[in-house]
**Q** 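Have a look at the structure that comes next, please.
FYI, side chains are in, hydrogens and waters are out, and symmetry mates aren't considered; it's all heavy atoms of this structure.
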Amino acid sequence: MASVSLLVNGREITADIDPRALLVEFLREHLRLTGTHVGCDTSQCGACVVHLDGKAVKSCTTLAVQADGGSVTTIEGLANNGQLHPMQEAFRDNHGLQCGFCTPGMIMTSVDMVHRLGSDLDETTIRHELEGNICRCTGYHNIVKSVAAGAKAMAEDGMQQAAE
């Protein structure tokens, strides 16, 4: 067993885990944070994206022990005091989801995109940045629209540069 201590959605967590446990397994099975999904197990689909120390990572190929001492934010940790994060609101308001399976990873990737590139994102940039996230239901049109709207809302809320 390996011991890990980390901050998950602002909560201090210490646990003994199998050193081979993936971060996605730790989040879903040990912490019951089931918004992070396992879609492909090969790091191709992006359904498992979370933020580790403020950067988007695919948790299906990250060992939980690699997060030791770090800070993890999942889709459940984006909302603040019962208020959806601006990117979550944008996906809801612009119909950026259909079945919803890919949505948490899309949102986490999109928030990271805004933090890295700013809020003035064009369609080409958004589509390029989302290449590591797969949606099998939509044609991506409303996802791109949602990301653009969420980026603008994040800038208006002053969250573009906010640390998680």
Side-chain angles (χ1 to χ4, degrees), residues 1-92 96-117 128-138 143 146-147 150-151 153-154 157-164:
M1 295 300 263
S3 180
V4 292
S5 295
L6 59 154
L7 203 59
V8 179
N9 296 333
R11 194 173 119 219
E12 290 184 31
I13 304 290
T14 300
D16 290 324
I17 60 169
D18 181 329
R20 298 169 297 172
L22 295 170
L23 182 56
V24 70
E25 294 168 339
F26 179 67
L27 295 170
R28 289 182 59 81
E29 296 169 19
H30 293 276
L31 302 181
R32 301 291 183 226
L33 295 171
T34 57
T36 303
H37 296 148
V38 179
C40 67
D41 283 327
T42 61
S43 192
Q44 300 297 311
C45 75
C48 67
V49 172
V50 298
H51 294 177
L52 175 57
D53 295 329
K55 295 185 174 137
V57 299
K58 292 185 177 179
S59 63
C60 75
T61 54
T62 302
L63 294 171
V65 294
Q66 289 176 281
D68 187 37
S71 176
V72 174
T73 304
T74 68
I75 192 71
E76 293 92 345
L78 281 186
N80 189 9
N81 295 322
Q83 293 283 60
L84 290 178
H85 184 279
M87 191 63 73
Q88 290 172 305
E89 286 183 354
F91 268 71
R92 181 193 63 201
L97 63 130
Q98 200 159 353
C99 82
F101 189 82
C102 70
T103 307
M106 290 278 187
I107 291 172
M108 297 305 288
T109 297
S110 299
V111 169
D112 177 70
M113 181 189 324
V114 175
H115 287 170
R116 287 183 298 105
L117 303 176
H128 174 73
E129 290 290 322
L130 289 178
E131 284 180 357
N133 294 75
I134 296 172
C135 176
R136 299 193 190 285
C137 299
T138 71
I143 292 171
S146 298
V147 175
M154 285 173 67
D157 283 0
M159 297 181 82
Q160 182 176 337
Q161 301 298 324
E164 294 181 14

**Q** Mind checking what makes side chain to side chain donor-acceptor pair (under 3.5 Å) contact with Glu25, not counting sequence neighbours?
**A**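 With sequence neighbours excluded, Glu25 shows a side chain to side chain donor-acceptor pair (under 3.5 Å) to no residue whatsoever.
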
**Q** Go through it in stages, so that I can follow the logic: the residues are Leu23 and Gln66, the test is side-chain contact (heavy atoms from CB on, under 4.5 Å), and I'd like the CA-CA distance, side-chain angles, deciding distance and then a yes or no.
**A** CA-CA 8 Å; Leu23 182 56; Gln66 289 176 281; over 6 Å; no

**Q** Please answer whether the main-chain N or O of Leu130 pairs with a side-chain N or O of Thr109 as donor and acceptor at a distance below 3.5 Å.
**A** no

**Q** Check whether any side-chain heavy atom of Val111 sits under 4.5 Å from a side-chain heavy atom of Met154, and report yes or no.
**A** yes

**Q** Is there a donor-acceptor pair under 3.5 Å between the side chain of His37 and the backbone N or O of Gly39?
**A**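 Pair absent, no side-chain N/O of His37 close to backbone of Gly39.
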
**Q** Just wondering, do Val72 and Phe26 contact through their side chains at under 4.5 Å, heavy atoms?
**A**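 With C-beta onward as the side chain, the pair stays apart.
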
**Q** Could you name each residue pair satisfying salt bridge (charged side-chain N to carboxylate O under 4.0 Å, His left out) that touches residues 53-79, not counting sequence neighbours?
**A** none

**Q** Taking the side chain as C-beta and beyond, is there a heavy-atom pair between Cys48 and Val38 under 4.5 Å?
**A**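 They are not in contact (no side-chain heavy atoms under 4.5 Å apart), so the answer is no.
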
**Q** Run the side chain to side chain contact (heavy atoms under 4.5 Å, CB included) test against Cys135 and tell me which residues pass, sequence neighbours left out.
**A**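 Scan of Cys135 (side chain to side chain contact (heavy atoms under 4.5 Å, CB included), adjacent residues dropped) gives Cys102, Met106, Cys137, Thr138, Tyr140, Ile143.
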
**Q** Taking the side chain as C-beta and beyond, is there a heavy-atom pair between Met108 and Thr73 under 4.5 Å?
**A**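 Counting from C-beta outward, Met108 and Thr73 do come under 4.5 Å.
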
**Q** Going from CG on Leu78 to CE on Met87, what distance comes out if it is rounded to the nearest 0.5 angstrom?
**A**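 Between atom CG of Leu78 and atom CE of Met87 there are 9.5 Å.
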
**Q** Report yes if some heavy atom in the side chain of Val50 is under 4.5 Å from a heavy atom in the side chain of Val57; otherwise report no.
**A**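 Contact flag for Val50/Val57 side chains = yes.
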
